[in-house]
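Worksheet: one structure, shown below.
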4 protein chains.
Amino acid sequence: MNKEERIIESAIEVFLEKGIEKATVSEIVKKAEIAQGTFYLYFDSKLSVMPKIAEVMVEKILEELSQNVDGESIEEEIKSVIDTIFNITKEYKSLTTLIYSGLTQTQYVGDWEKIYAPLYDFIEQLLIPRKNNGEIRETVNTAFISKILIGSIESLAEQMYLYDEASEENVIEYKEELFTFILKGLK
Amino acid sequence: MNKEERIIESAIEVFLEKGIEKATVSEIVKKAEIAQGTFYLYFDSKLSVMPKIAEVMVEKILEELSQNVDGESIEEEIKSVIDTIFNITKEYKSLTTLIYSGLTQTQYVGDWEKIYAPLYDFIEQLLIPRKNNGEIRETVNTAFISKILIGSIESLAEQMYLYDEASEENVIEYKEELFTFILKGLK
Amino acid sequence: MNKEERIIESAIEVFLEKGIEKATVSEIVKKAEIAQGTFYLYFDSKLSVMPKIAEVMVEKILEELSQNVDGESIEEEIKSVIDTIFNITKEYKSLTTLIYSGLTQTQYVGDWEKIYAPLYDFIEQLLIPRKNNGEIRETVNTAFISKILIGSIESLAEQMYLYDEASEENVIEYKEELFTFILKGLK
Amino acid sequence: MNKEERIIESAIEVFLEKGIEKATVSEIVKKAEIAQGTFYLYFDSKLSVMPKIAEVMVEKILEELSQNVDGESIEEEIKSVIDTIFNITKEYKSLTTLIYSGLTQTQYVGDWEKIYAPLYDFIEQLLIPRKNNGEIRETVNTAFISKILIGSIESLAEQMYLYDEASEENVIEYKEELFTFILKGLK
DNA sequence: GATGAATGAGGCTTCATTCAT
DNA sequence: CATGAATGAAGCCTCATTCAT
């Protein structure tokens, strides 16, 4: 792993452990086993790592989605998307929120859309054939709905894992409710 | 306005302007026109203002919702809820995200659920009669769906106003798509 | 002595000991026996102490001049001025050069003229009566000559004490040559 | 231009732009278009370039003086010397002060005298024949006076160009006053 | 000789927090 | 209760210097 990648990996860990506020460059470099000054050869500041983290995060989500989502019906696909996003949220806990809020606090806010685009695109590419074969209603605007879908799944997953510290049973029930809701919303 | 309220108001402004990271107690007290030390008579630290900010925020949302949402049909009510949450998000931009992430970074994470409860409850109280009179499907779990609704509306609104810097036209289209989606999801 | 004065005094000592380059705020505050942060309540940076140091320096020179220079003739006065400036240069060695160069390196260059003004004025006030009573030539522009006098005395003194590390005998000879030169220049 | 010369030239530029304090080796090498490490093949440290800069500076002054100063009378010569030193000071602004103070801050202080010697010598060689032919008074100690002359001209020039930011008119008047003063001082 | 990525010491500066008034 | 000058810990960041290539 080269220096830049090591910084990004360490930054993710430290941000998750400490939160943006309490995360320090010193700790990131310690974890990455590089010198303090080396950090500044690659990044301007702690927050400027955020867009790169976001990219890595999106890559991971996409990877997972690609592996898991290839159902025979829209039902199976939606189920897989929900499961995947819930699992990743569980694994990376507050990372998404951190990225959101990290980007918000910098000049990189605008980058967000660009970084997330492939994710929205992936979902849209799932929906289009389903719309064409009539599995979902014709009036669906696939581009718009893909944002709505991801948003609603992510926000519920964060609710569950970050704030409610919900039991796994509870999560299952919520996921089912969400599944039904989305499916009806699309049909 | 008493000192505590002045601190909360100033804190909101400063957090919005600078983000959590760069917000300082010095600036909060300057804006509140009180002395450095006075801050610590009311709050333990910068982040401990967060739960109070969240309460204020939720109060404002509730107030707005109470004023605007009293439609004759579920359609009108959903429309009003969407409009209200979009408007508040537009006005307070990243505040919700800040609160999320601010709470995440402290021991107050657990408080979130408690603070947001009245909001979920408000939505649930809207849904229950509609479910009883058959306007929405019987299988809806009102408690669960209220979280899903708020989450999906908020997340789309944030997308629009924080990241995409979407045009007002675009926002209208998205809101319509969301409206249809939610409505079908509930029926 | 209040904090600001203590900072200035310490800064002078440290600058003299270490030079501008190697002087550190840390050492200044250590010498002043105040906290690191306190420094920044009074000054923006190490170099921003320079104008204040310059003021103190000019005050000291003026004080010395006032005490020593009150001769019966222009000859005695010039002699005293030379002696005084030489003595102060000897005592404070490179301080003047430091101030020059310190000011040059900051936005405070313009302040120099203002700070030195009383010194030029003092000399001019010496010259005016001597010009009126014919001790010095009528064509002397007192304002201009006062700058020239101070400059030439200071620069020779610095030569002697800073660079040549001249013997006291040598200094005496130079002072006499300078005295004769100035006197003839004025007559 | 070989690497060493390129370093010296760049160092001069950077010192003039940033001052000793803020000048960095990084910037010097960037301007010289050589690698970081190459600097240390030629110089020990940032300040160790100073004596070389001083030499270059003195060479330039001597060159200018040689070209311009060859008047028929002491009057013309003094005028040329004043003009030349003023012009160089105008062009290189604070460079002399920087060199002074740069040398002061290092072990190279002693070098100054040695480096400046040719300059004093040049002036002395001007004065000797004038003393012999009676144009200037016999009591003049040419070695001493040459230091005094250069010092007083330089210090006034610095006053004008560095601190007062004097208008060109004003400069002319000062130069005339200085000229008269020096001439009378020598006669 | 020349390079430039990497180092890490250490100065700068901020800022939460205290406490005498 | 309120103040705000003072504190000093601690993070940021630079930059002279090294060294493997």
What is the distance, rounded to the nearest whole Å, between atom [atom1] of [X] and atom [atom2] of [N]?
{"X": "E21(D)", "N": "dA16(F)", "atom1": "CD", "atom2": "C1'", "answer": "14 Å"}
{"X": "E33(C)", "N": "dT7(F)", "atom1": "CD", "atom2": "P", "answer": "11 Å"}
{"X": "F39(C)", "N": "dA5(F)", "atom1": "CZ", "atom2": "C1'", "answer": "17 Å"}
{"X": "I20(B)", "N": "dC15(E)", "atom1": "CD1", "atom2": "P", "answer": "15 Å"}
{"X": "K22(C)", "N": "dC15(F)", "atom1": "NZ", "atom2": "P", "answer": "16 Å"}
{"X": "F43(A)", "N": "dC13(F)", "atom1": "CZ", "atom2": "P", "answer": "14 Å"}
{"X": "R6(D)", "N": "dA2(E)", "atom1": "CZ", "atom2": "P", "answer": "10 Å"}
{"X": "Y40(A)", "N": "dA5(E)", "atom1": "OH", "atom2": "P", "answer": "19 Å"}

Do the side-chain N or O atoms of [X] get closer than 4.0 angstrom to the phosphate oxygens (OP1, OP2) of [N]?
{"X": "Y42(A)", "N": "dA6(E)", "result": "yes"}
{"X": "S26(A)", "N": "dC12(F)", "result": "yes"}
{"X": "T38(D)", "N": "dT3(E)", "result": "yes"}

Is there side-chain contact between V25(C) and Y40(C), with heavy atoms separated by less than 4.5 Å?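 With C-beta onward as the side chain, the pair touches.
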What about Q36(A): does its side chain form a donor-acceptor pair under 3.5 Å with the base of dT7(E)? no
CZ on F15(B) to CD1 on I28(B), rounded to 0.5 Å: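 The CZ atom of F15(B) is 4.5 Å from CD1 of I28(B), to the nearest 0.5 Å.
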Enter the distance from L98(D):CG to I12(D):CD1 here, rounded to the nearest 0.5 Å. 10.5 Å
DNA chain E: 5'-proximal contact among I34(A) and T24(B) (nearest heavy atom):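 So the residue in question is I34(A).
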Applying the Watson-Crick and G-U wobble criteria at under 3.5 Å, what pairs with dT17(E)? Answer none if nothing qualifies. dA6(F)
Using Watson-Crick or G-U wobble geometry with both distances under 3.5 Å, which nucleotide pairs with dA9(E)? dT14(F)
Using a distance-only test with no angle check, is there a side-chain donor-acceptor pair under 3.5 angstrom linking Y42(D) and E5(D)?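 There is no such pair (donor and acceptor under 3.5 Å, judged by atom type) between the side chains of Y42(D) and E5(D).
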Using distance alone, with no hydrogens and no angle criterion, decide if Y116(D) and E55(D) have a side-chain donor and acceptor under 3.5 Å apart. no
Between dA16(F), dT3(F), dT17(E), spot the one nearest the side chain of K3(B), thanks.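 Of dA16(F), dT3(F), dT17(E), dT3(F) is nearest to the side chain of K3(B).
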Contact nearer the 5' end of DNA chain F, comparing A23(A) with L41(B): L41(B)
Between D44(A) and A35(B), which has a closest nucleotide on DNA chain F that is more 5'?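 Final value for this comparison: A35(B).
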Sugar-phosphate, base or nothing in reach of N2(D), heavy atoms under 4.0 Å: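 The residue N2(D) makes no contact with any strand.
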